[in-house]
Amino acid sequence: MEAVPRNPVETELTVTSPEQMRELGLKLAKLLRAGDLVMLSGELGAGKTTLTRGLGEGLGVRGAVTSPTFVIARVHPSLGDGPPLVHVDAYRLGGGLDEMEDLDLDVSLPESVIVVEWGEGKVEELTEDRLQVQIHRAVGDTTDEVRHVTFTPVGARWATADLGVLTA
């Protein structure tokens with residue numbers, strides 16, 4: 001992985017394989033704690049679920065982390081004393097937080113790490129603190145595995161987080 005400085009707030013990395021994306025999730029898991037909201041965005045096939053699989057592994061949660069597209073949300077309890085992982089795919093949800101209320105994310109957030117794929121415009125109201133992760137990939141007929149991952153911290157929780165550990 002190669003880090004590219006963008007501005008003092010954002011951290012951008014280049015990932016060249018699915019294995020590196022999973023490893024990035026493992027590193028990110030070390031920064032996460034109960035109450036954290038991570039919003040993932042990117043094209044279909046960009047690697048959002050692969051990153052989340054690494055997060056789940058790093059958090060030590062039960063169950064295979066797979067795309068929750070058809071169930072909307074999946075809870076992975078911790079196998080140890082860490083927080084559970086709530087993995088949400090908001091792709092099929094059209095509304096904002098109102099439509100998400102049935103998932104009780106606001107109730108789960110204080111004791112869980114919540115990762116929401118396709119959450120832009122839908123879950124920002126859950127908390128003032130979140131980590132936004134944008135994954136860019138080449139589109140069209142390509143087998144290119146290169147991904148550009150941009151981490152944007154939002155709020156006081158992330159103001160002092162050392163995202164530099166992601167490049168190590």
Side-chain angles (χ1 to χ4, degrees), residues 1 11 13 15 17-93 96-97 99-135 147 149-158 160-168:
M1 285 180 274
T11 299
L13 304 172
V15 175
S17 70
E19 179 57 29
Q20 281 190 351
M21 187 66 76
R22 187 188 68 78
E23 289 172 9
L24 183 57
L26 285 167
K27 291 177 182 179
L28 180 56
K30 293 176 183 175
L31 293 175
L32 298 176
R33 61 185 187 218
D36 283 342
L37 172 64
V38 179
M39 291 175 47
L40 302 178
S41 59
E43 298 87 2
L44 287 171
K48 297 177 295 294
T49 300
T50 302
L51 179 71
T52 306
R53 191 169 295 125
L55 281 173
E57 187 178 333
L59 290 171
V61 299
R62 185 179 68 210
V65 175
T66 59
S67 178
T69 299
F70 297 104
V71 296
I72 309 298
R74 196 173 265 127
V75 177
H76 298 274
S78 176
L79 291 171
D81 58 359
L85 171 66
V86 179
H87 184 198
V88 179
D89 186 331
Y91 183 75
R92 297 185 316 139
L93 301 178
L97 192 57
E99 191 171 346
M100 302 283 290
E101 279 184 3
D102 289 342
L103 299 177
D104 286 332
L105 295 180
D106 54 336
V107 173
S108 300
L109 184 59
E111 69 270 356
S112 305
V113 169
I114 297 182
V115 175
V116 181
E117 298 184 27
W118 306 96
E120 308 81 21
K122 299 174 184 171
V123 297
E124 289 90 342
E125 295 174 29
L126 280 174
T127 178
E128 293 178 1
D129 301 304
R130 62 189 171 277
L131 183 62
Q132 296 176 181
V133 182
Q134 175 71 44
I135 305 172
R147 307 292 194 258
V149 185
T150 304
F151 295 89
T152 305
V154 177
R157 153 69 177 108
W158 292 100
T160 58
D162 182 12
L163 296 179
V165 301
L166 302 174
T167 65

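Across Leu40 and Val115, no two heavy atoms sit closer than the pair CD1-CG1, 3.5 Å. The two atoms that bring Glu43 and Ile135 nearest to each other are OE1-O, 3.4 Å, heavy atoms only. Smallest separation of non-hydrogen atoms from Arg33 and Pro83: C-CG, 4.3 Å. The shortest heavy-atom contact between Met21 and Val15 is N-CG1, 3.4 Å. Nearest heavy atoms, Glu111 versus Pro84: O-CD, 3.2 Å. Nearest heavy-atom pair across Gly121 and Glu124 is N-OE2, 2.8 Å.
To the nearest 0.5 Å, atom CG of residue Leu126 and atom CD1 of residue Ile114 are 6.5 Å apart. In this structure, CG on Leu55 lies 8.5 Å from CG on Leu24, to the nearest 0.5 angstrom. Between the CZ atom of Arg74 and the OG1 atom of Thr52 there is a distance of 11.5 Å, given to the nearest 0.5 Å. The line from CG of Leu131 to CG of Leu163 is 6.0 Å long, rounded to the nearest 0.5 Å.
Side-chain contact check for Lys27 versus Val165: every heavy-atom pair is 4.5 Å or farther apart. With a 4.5 Å cut-off on side-chain heavy atoms, Trp118 and Leu44 count as touching. Using a 4.5 Å heavy-atom threshold, the side chains of Gln132 and Glu120 count as separate.
Each of Leu37, Val86, Leu59 was evaluated against Val113; a single residue qualifies, Leu59, per the side-chain contact (heavy atoms from CB on, under 4.5 Å) test.
Between the side chain of Lys48 and the backbone N or O of Met39 there is no donor-acceptor pair closer than 3.5 Å. The backbone N or O of Ala46 lies less than 3.5 Å from a partner atom in the side chain of Arg147, making a donor-acceptor pair. Between the side chain of Arg53 and the backbone N or O of Val65, at least one donor-acceptor pair lies under 3.5 Å. The backbone N or O of Asp129 sits less than 3.5 Å from a side-chain atom of Thr127, completing a donor-acceptor pair.
Remark: Glu19 pairs with Arg22 by the salt bridge (charged side-chain N to carboxylate O under 4.0 Å, His left out) rule, at least two apart or across chains. Residues passing the ring pair (Phe, Tyr, Trp, His ring centres under 6.0 Å) test with Trp158, sequence neighbours excluded: none.
Side-chain N/O atoms of Thr49 and Glu117 include a donor and acceptor closer than 3.5 Å.
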